[in-house]
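Hydrogens, waters and symmetry mates play no part in the numbers below; they use all other heavy atoms, side chains included.
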Amino acid sequence: MSRSPFILDRRRFLTGLGLAAGSLMLPSIGGRGALAQSSPKRLIYYITPHGTVPGRWHMRQPGRDGEQYDYALGGLGESDFSDILRPLHRHRDKLLVVDGLARMVTYAEEYRVGELGYSGDINRHHIGQAHLLTSTWAYQGAGTARGGAKSVDQEIGQAIGQPGRWNTRVYGFNHQHAYNYVGANQPAPREQNAPAAFADIMGLAPEPSDPVEPTRDDKIRAARASVLDMASAEYASVLPKLSGSDREKLERHRALVRDLEVGLSTISPIGCEPSFSASGHIIDQFSRITTMALACDLTRVATIVTQDIPGNEFGIDPGLDMHQDIAHASSESGGSTRGIEGMVNYNRVYAEHFAYLLDQLDSVQEDGGTLLDNTAVVWMSELATGNHDLHQMPTVIAGGAGGYFRPGRYVHYPRHTIEVAWGARPSVGPAQERLHVSLMHAMGMTDRSHFGLSQVDIGDFTASLRDPLPLLS
């Protein structure tokens, strides 16, 4: 790995936060921080757009569509894996391929708008993005739908976050709108520039190529005992003037900075050597940054929102539009060969990048195995298919979350037909929203029975969003 302006130096790290020697007395600053006796559990969401081609993604056993079953992946050869999931074969013993889930909140919101007369944007891309990690009604406003509440990554991050660490980080791109939210219509901070993402997780800004003499302001900042101690009078004078929500935001900010100060003495565990390399694909750069962040325990929850990759990366002709010419033409009943094969190749490339992320995580040795063994890595999309279906949602969980999940298996759920908006009759399995409950339980939040809505009504059908999914643990 080539040396870059972002190679971590401990003194630079502390200086970058205004906490270098002479500014804040931390008794253990000279030594390595003590690691916990057992490795923590972590969570990564890996999100790709446009859904998939179900018949080229799933690996069902013939004649068992009406059954709930699972089977081991370990005995399968590479050619036994589906066209899209084949790049994941080398990780087969650490995968849960989950087949048959449906996006129930999105069906329900469509029913509210299409059948009950509610107003709102029901473009399935938009509400799919709004619902994927929030599991609740979308925020409908300004002609489009966005997340209507805090997303599950933020909820879990807040529950398992540690003092002096980021609760969550979001890296990558938007697919029209955000997936991660700190509140209704409040997208979580996201960084789509990889060098800036590394600087973000480390709390650093790039070092100038030509060092300059410290300015008067630099010297004043370096002499401060604590940013918060110095500013306490300002906080005290400003808080009474703020509204309740603004006061809460400022208090959260003050608590975050204080936690970062307190946690600095343990920020660098043995064997953690943070660095940044601009080599390879942008998705792979984010995978390396995320691996480093988890390995160094700078955060325990992260989201990678992938780039909507250009056509030359998955073999379509120049000038073709991914959305209109490929995704919308990829239906297995009535689509074009060009659309179907293009969509298969599109998803296979994302599978290759997902496998690279798993390679990185599995290369880090920890108590109980590897970083991958102690992490749940969840591959999801806002849609099931390129022509906007919401059943057969493609879902892969990699890793074991420290023993909670039982990987190395293909899990199939049976489906039944329901009537949704405009008389459509899809064949749906369990609610994908229940996966978030499984993940909360995996992270130790076993008191939670649901996330977001607890159930939704779609005509005469009531879909429960409660309880973890069966067979996963």
Give the C-alpha distance, both sets of side-chain angles, the deciding distance and a yes or no for side-chain hydrogen bond (donor to acceptor under 3.5 Å, both in side chains) between Asn174 and Arg190.
CA-CA 9 Å; Asn174 279 346; Arg190 174 183 55 85; 3.2 Å; yes
Distance only, no hydrogens: is a donor on one side chain within 3.5 Å (strictly under) of an acceptor on the other, for [X] and [Y]?
X	Y	result
His177	Thr144	yes
Thr417	Arg425	no
Thr370	Asp373	yes
Trp379	Thr48	yes
His281	Glu313	yes
Asp457	Thr462	yes
Gln285	Arg288	no
Asp121	His126	yes
Gln432	Arg103	yes

Do side-chain atoms of [X] reach the backbone of [Y] as a donor and acceptor pair under 3.5 angstrom?
X	Y	result
Arg60	His58	no
Glu433	Val105	yes
Thr375	Leu372	no
Thr136	Gly452	no
Asn347	Gly51	yes
Asn374	Asp367	yes
Arg124	His388	yes

Can you list every pair that meets side chain to side chain donor-acceptor pair (under 3.5 Å) and has a residue in residues 435-447, with sequence neighbours left out?
Tyr45-His436
Flag the pair [X] / [Y] as yes when at least one side-chain heavy-atom distance between them is below 4.5 Å, and no otherwise.
X	Y	answer
Leu435	Thr395	yes
Pro87	Phe354	no
Val301	Trp166	no
Leu358	Val377	yes
Ile340	Arg56	yes
Leu357	Ile304	yes
Val349	Ile309	yes
Tyr46	Val305	no

Working to the nearest 0.5 Å, report the span between [atom1] of [X] and [atom2] of [Y].
X	Y	atom1	atom2	answer
Arg300	Arg169	CZ	CZ	15.5 Å
Arg466	Ser449	CZ	OG	4.0 Å
Ser473	Leu96	OG	CG	9.5 Å
Met59	Asp83	CE	CG	11.0 Å
Met292	Leu371	CE	CG	12.0 Å
Leu361	Glu366	CG	CD	9.5 Å

Show your reasoning for whether side-chain contact (heavy atoms from CB on, under 4.5 Å) applies to Leu73 and Asp93.
CA-CA 7 Å; Leu73 296 172; Asp93 291 332; 5.8 Å; no
Identify whether the distance between the nearest side-chain nitrogen and carboxylate oxygen of Arg90 and Asp359 falls below 4.0 Å.
yes
For Tyr139, does the six-membered ring have the charged nitrogen or CZ of Arg146 within the cation-pi criterion, i.e. under 6.0 angstrom from the centroid and within 45° of the normal?
no
Under 6.0 Å between ring centres: does that hold for [X] and [Y]?
X	Y	answer
His125	His175	no
Tyr346	Tyr350	yes
Phe461	His416	yes

Going by the side-chain contact (heavy atoms from CB on, under 4.5 Å) test, name the single residue among Glu110, Arg112, Gln140, Glu109 that passes it with Tyr118.
Arg112
Would you call the rings of Tyr171 and Phe286 parallel, tilted or perpendicular if under 30° counts as parallel and over 60° as perpendicular?
parallel
Do any pairs count as a ring-ring contact (aromatic ring centres under 6.0 Å, His included) and have a residue in residues 65-98, sequence neighbours left out, and if so which ones?
Tyr69-His412, Tyr71-Tyr410, Phe81-His89
Looking at [X] and [Y], what are the two nearest heavy atoms and their distance?
X	Y	value
Phe405	Ala376	CE1-CB, 3.9 Å
Leu383	Pro394	O-CD, 3.8 Å
Ile282	Ala194	CD1-CB, 3.7 Å

Let's go through Arg434 and Leu101 carefully: what are the C-alpha distance in whole Å and the side-chain angles of both, what is the deciding distance for side-chain contact (heavy atoms from CB on, under 4.5 Å) to 0.1 Å, and is it a yes or a no?
CA-CA 9 Å; Arg434 293 175 60 189; Leu101 302 179; over 6 Å; no
Before you tell me yes or no, could you show the steps for His323 and His328 under side-chain hydrogen bond (donor to acceptor under 3.5 Å, both in side chains), namely the whole-Å CA-CA distance, both residues' side-chain angles and the distance that decides it to 0.1 Å?
CA-CA 6 Å; His323 193 198; His328 284 184; 3.1 Å; yes
N/O donor-acceptor pairs under 3.5 Å from side chains in residues 152-161, not counting sequence neighbours:
from	atom 1	to	atom 2	distance (Å)
Asp153	OD1	Ser151	OG	2.4
Asp153	OD1	Asn180	ND2	3.4
Asp153	OD2	Asn180	ND2	2.9
Gln154	OE1	Thr168	OG1	3.4
Gln154	NE2	Thr168	OG1	3.1
Glu155	OE2	Arg448	NH1	2.8
Gln158	OE1	Lys150	NZ	2.9

Go through the steps for Gln455 and His450 under the test side-chain hydrogen bond (donor to acceptor under 3.5 Å, both in side chains), then give the verdict.
CA-CA 9 Å; Gln455 68 178 42; His450 67 280; over 6 Å; no
